[in-house]
Amino acid sequence: MEQIQHNPSYKEDKTLINSALDCYWKQERPQHNSKDAIHKLSRAEQVTIFRLRTGHNRLKHHLFSRFRIGDGPNCPCGANRQDAQHVLQDCPLLDDARLKYWAEPREMNQKLYGSALQLGITAEFIYASDLTI
């Protein structure tokens, strides 16, 4: 049958636009995981994990390399850079705390992208370590 030409309503236009934008957004960001466990954390924990993931935090490396704040990017243990990788995995000053929270060694990926429980443990480790993230 012949289709009757009509102008779409505002609601139809809005639905079509939102659908197109959603499709475009998903194509441009295939790595996005809407089931990311970070959404199950408290707001404070989310902020901590997000800052560790992105490197935009208050650790010495970021503050010094980005804003020239502090005496340098070095960790108090003497390592070249105090960044998330160093704090969560390598810093000898935090070895005892790491063993308390992770009896078995965990990869960085598990600490920053794991389950809600794993992310919560990472945030708790940061709080207990008296690090300002």
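On a predicted model such as this, the values are computed, not experimentally measured, just so you know. Computation of the quantities below employed the complete heavy-atom set of this structure, encompassing side-chain atoms and omitting hydrogens, waters and symmetry-equivalent molecules.
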Atom CG in Leu119, atom CD in Glu124: separation rounded to 0.5 Å? 12.5 Å

From the options Val47, Asp83, Thr122, select the one residue that forms a side-chain contact (heavy atoms from CB on, under 4.5 Å) with Leu52. Thr122

Tell me, with the steps shown, if Leu112 and Leu88 meet side-chain contact (heavy atoms from CB on, under 4.5 Å). CA-CA 10 Å; Leu112 295 181; Leu88 292 174; 3.9 Å; yes

Is the side chain of Thr54 donor-acceptor paired with the backbone N or O of Phe50 at a distance under 3.5 Å, no angle test? yes

Evaluation steps, side-chain hydrogen bond (donor to acceptor under 3.5 Å, both in side chains), between Glu45 and Ser42: CA-CA 5 Å; Glu45 291 170 326; Ser42 71; 3.3 Å; yes

Hey, is Arg81 close enough to Asp90 for a salt bridge, meaning N to O under 4.0 Å? no

Spell out, as yes or no, whether a donor-acceptor pair under 3.5 Å connects the side chain of Gln82 to the backbone of Lys60. yes

For His86 and Cys77, what are the C-alpha separation, side-chain angles and deciding distance, and is it a side-chain contact (heavy atoms from CB on, under 4.5 Å)? CA-CA 10 Å; His86 177 72; Cys77 75; 3.4 Å; yes

Any sub-3.5 Å donor-acceptor pair from Glu28's side-chain atoms to Trp25's backbone N or O? no

Would you say that more than 12 heavy atoms from the other residues, nucleotides or ligands in this model lie under 6.0 Å from the CZ of Arg43, or not? no

Over-ring placement of Arg66 relative to Phe64, 6.0 Å and 45° cut-offs: no

Can you list the residues that meet the side chain to side chain donor-acceptor pair (under 3.5 Å) rule with Lys100, with sequence neighbours excluded? none

How long is the gap from SG on Cys75 to CG on Leu94, to the nearest 0.5 Å? 7.0 Å

Hey, is the main chain of Ile49 close enough, under 3.5 Å, to the side chain of Arg53 for a donor-acceptor pair? no

How about Ile133 and Arg58: do any of their side-chain heavy atoms sit closer than 4.5 Å? no

Main-chain N/O of Cys91 paired to Arg98 side chain as donor or acceptor, under 3.5 Å: yes

Sub-4.5 Å side-chain heavy-atom contact between Val87 and Ser129: no

For the residue pair His62 and His56, does the interplanar ring angle fall in the parallel (under 30°), tilted (30 to 60°) or perpendicular (over 60°) class? perpendicular

Verify the neighbour count for atom CG of Asn18: are there more than 12 heavy atoms of other residues, nucleotides or ligands below 6.0 Å? yes

Could you report the tightest heavy-atom contact between Gln89 and Lys111, atom names first, then the distance? OE1-NZ, 2.6 Å

Quick one, Asn57 with Thr132, criterion side-chain contact (heavy atoms from CB on, under 4.5 Å). Give me CA distance, side-chain angles, the key distance, then yes/no. CA-CA 8 Å; Asn57 50 50; Thr132 305; over 6 Å; no

Over all heavy atoms of both residues, which pair between Ala116 and Leu41 is shortest? Give the atoms and the distance, please. O-CD2, 3.6 Å

Give a yes or no on whether the backbone of Ser9 and the side-chain of Glu12 come within a donor-acceptor separation of less than 3.5 Å. yes

For Gly114 and Ala37, work out which heavy atoms get closest and say how close. O-CB, 3.5 Å

When every non-hydrogen atom of Tyr101 is compared with those of Ala128, the smallest separation belongs to OH-CB, 3.2 Å

Would you give the length of the straight line joining atom CG of Asp13 to atom CG of Asn7, rounded to the nearest 0.5 angstrom? 9.0 Å

Consider only side-chain heavy atoms of I, L, V, M, F, W and Y, link residues closer than 4.5 Å, and tell whether Leu131 and Met108 are in one cluster. yes

Cluster link Leu16 to Tyr10, ILVMFWY, side chain under 4.5 Å: no

